[in-house]
Amino acid sequence: MSDLPPRHLTAPWVLRFVQDRHHRGGVHLDAESAWEFQVLGGLVERVRRAAKAYLLLEKNGFAAEGRVIVRSALEHAVTAQWAYLTVGGIDRLEVSLLAKRHEYARSSRPGDDDWDTLLDNLEQRIPRHPDDPMRRATALPKFTGKGGMLADLDTTGYLTRAFVVLSRVNHVSDEAVTDYFIVGEDQTFFTDSPASLFDDEVFHTLATACCLAAWLMARLEKNEHEIRAARSQHLLWRLDTTLPSHADGSPRRRSNPAVLVSDARFTVSA
């Protein structure tokens with residue numbers, strides 16, 4: 001893409017986000033944002049560490065393999081921002097996280113009675129539907145496809161295209177064959193570092209994920225300086241603060257952080 005901002009303009013900001021020096025003294029939150037951070041903060045930190053991991057892999061000749069990490073960073077960043085911008089989105093994210101914990105425990109079930117008690121306790125922690133306490137509350141929508149979180153945020157199509165490109169390394173594809181071999185007239189050779197036609201686009205996508213995460217963190221901390229810094233990177237996908245409305249015109253978005261009360265149902269530890 002010829003309209004990508006030059007890497008030398010975005011790279012210093014990505015490095016600044018990865019180093020995160022302004023949080024060495026801790027995260028500064030008021031009571032209004034504390035519960036939101038408890039649910040969203042881990043997603044932001046995973047984006048940060050994924051970005052650092054990709055930069056290290058790229059430096060050592062593993063940029064192609066690092067695309068798996070960039071894909072993860074994009075998924076976490078988009079999910080976190082969708083949850084933040086959507087009315088009730090953080091509650092839905094909480095439901096999804098607790099449901100995944102229950103699913104993981106169920107799939108690891110060793111077949112003893114004590115495990116049944118554990119599963120019951122995990123199920124009880126999942127918020128219930130207001131109209132039917134036997135049902136779980138509404139969780140997140142799917143990530144990709146029509147009606148998914150990615151499509152909701154992606155008004156230009158850029159994020160979707162980037163996710164498809166990154167998924168070609170995450171899943172078995174033709175790139176598994178073409179990336180690692182050089183075919184000569186009489187011999188086939190392994191290549192030490194697969195050539196990539198999309199390194200700039202991959203880095204731009206990583207910068208986008210970092211901006212989404214940094215913008216969200218700055219909003220939680222009500223840090224106007226960091227909000228402006230995230231918005232000033234001239235990325236192809238702009239940092240919207242709204243989502244499209246429902247078909248009937250009712251809002252789906254939040255313009256200001258809601259007041260959420262801390263709840264013991266969600267804990268950081270497993």
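This one's a predicted model, so the numbers in the text were calculated from it and none came from an experiment.
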- Task: Could you pull out all residues at least two apart from Thr138 that satisfy side-chain hydrogen bond (donor to acceptor under 3.5 Å, both in side chains)?
- Result: none
- Item | Residues Leu85, Leu153; criterion side-chain contact (heavy atoms from CB on, under 4.5 Å); working and verdict | CA-CA 10 Å; Leu85 293 177; Leu153 285 176; 4.1 Å; yes
- Query: For Gln233, which residues count as a side-chain hydrogen bond (donor to acceptor under 3.5 Å, both in side chains) partner, sequence neighbours excluded?
  - Reply: none
- Of all residues at least two apart in sequence or in a different chain, which pass the side chain to side chain contact (heavy atoms under 4.5 Å, CB included) check with Val27? His23, Leu29, Phe37, Met217, Glu221
- Message: Run Glu65 and Val169 through side-chain contact (heavy atoms from CB on, under 4.5 Å) and show every step you take.
- Response: CA-CA 7 Å; Glu65 291 73 17; Val169 174; 5.8 Å; no
- Item | Residues that, via side-chain heavy atoms closer than 4.5 angstrom, fall in one hydrophobic cluster with Val165 | none
- Item | Pairs touching residues 50-63 that satisfy side-chain hydrogen bond (donor to acceptor under 3.5 Å, both in side chains), sequence neighbours left out | Arg7-Glu58
- Query: Do you know which two heavy atoms are closest between Ala209 and Ala77, and how far apart they sit?
  - Reply: O-CB, 3.5 Å
- Message: Please enumerate all residues that pass ring-ring contact (aromatic ring centres under 6.0 Å, His included) together with Tyr104, with sequence neighbours excluded.
- Response: none
- Might you work through the side-chain contact (heavy atoms from CB on, under 4.5 Å) test for Tyr158 and Thr205, ending with a clear yes or no? CA-CA 9 Å; Tyr158 171 77; Thr205 301; 2.9 Å; yes
- Note on the structure: Residues joined to Leu9 in its hydrophobic cluster, side chain to side chain under 4.5 Å directly or through other members, sorted by chain and number, are none
- Item | Spacing of CG belonging to Leu159 relative to CG belonging to Leu212, to within rounding of 0.5 Å | 7.0 Å
- Message: As a quick check of understanding, evaluate side-chain contact (heavy atoms from CB on, under 4.5 Å) for Trp35 and Glu94, giving each step before the final call.
- Response: CA-CA 11 Å; Trp35 167 241; Glu94 180 201 10; 3.8 Å; yes
- Task: Locate the shortest heavy-atom distance separating Ala137 from Val95; write the atom from each residue and the value.
- Result: O-CG1, 3.4 Å
- Query: So, the side chain of Arg67 versus the backbone of Ser167: is there a donor-acceptor pair under 3.5 Å, distance only?
  - Reply: no
- Tell me, do Asn121 and Glu123 make a side-chain contact under 4.5 Å, heavy atoms counted? no
- Excluding sequence neighbours, so at least two apart, what forms side-chain hydrogen bond (donor to acceptor under 3.5 Å, both in side chains) with Glu103? none
- Out of curiosity, Leu98 CG to Leu93 CG, how far, rounded to the nearest 0.5 Å? 9.5 Å
- Query: Sequence neighbours excluded, which residues qualify as ring-ring contact (aromatic ring centres under 6.0 Å, His included) partners of Phe163?
  - Reply: Phe143
- Expected output: side-chain Asp30 to main-chain Ser33 donor-acceptor under 3.5 Å: yes
- Item | Whether Thr79 side chain and His76 backbone form a donor-acceptor pair below 3.5 Å | no
- Query: With sequence neighbours excluded, what pairs up with Thr144 under the side-chain hydrogen bond (donor to acceptor under 3.5 Å, both in side chains) test?
  - Reply: none
- Task: Would you please name every residue forming a salt bridge (charged side-chain N to carboxylate O under 4.0 Å, His left out) with Arg16, sequence neighbours left out?
- Result: Glu226
- Item | Point-to-point distance, once rounded to the nearest 0.5 Å, from NE2 of His129 to CZ of Arg136 | 13.5 Å
- Might you point out which heavy atoms bring Leu57 and Gly66 nearest each other, and give the distance in Å? CD1-CA, 3.8 Å
- If you measure from NE2 on His204 to CG on Leu4, what distance do you get to the nearest 0.5 Å? 5.5 Å
- ring-ring contact (aromatic ring centres under 6.0 Å, His included) filter on Phe17, not counting sequence neighbours, yields Trp13
- Please name the pair of heavy atoms, one in Leu235 and one in Cys211, separated by the smallest distance, quoted to 0.1 Å. CD1-SG, 3.5 Å
- Same cluster for Val18 and Phe203 if Ile/Leu/Val/Met/Phe/Trp/Tyr side chains link at under 4.5 Å? yes
- Item | Point-to-point distance, once rounded to the nearest 0.5 Å, from CG of Leu122 to OG1 of Thr117 | 11.0 Å
- Note on the structure: One should read off an interatomic distance between Leu97 CG and Leu40 CG, to the nearest 0.5 angstrom, of 9.0 Å
- Item | Arg46 CZ: over 12 foreign heavy atoms closer than 6.0 Å | no
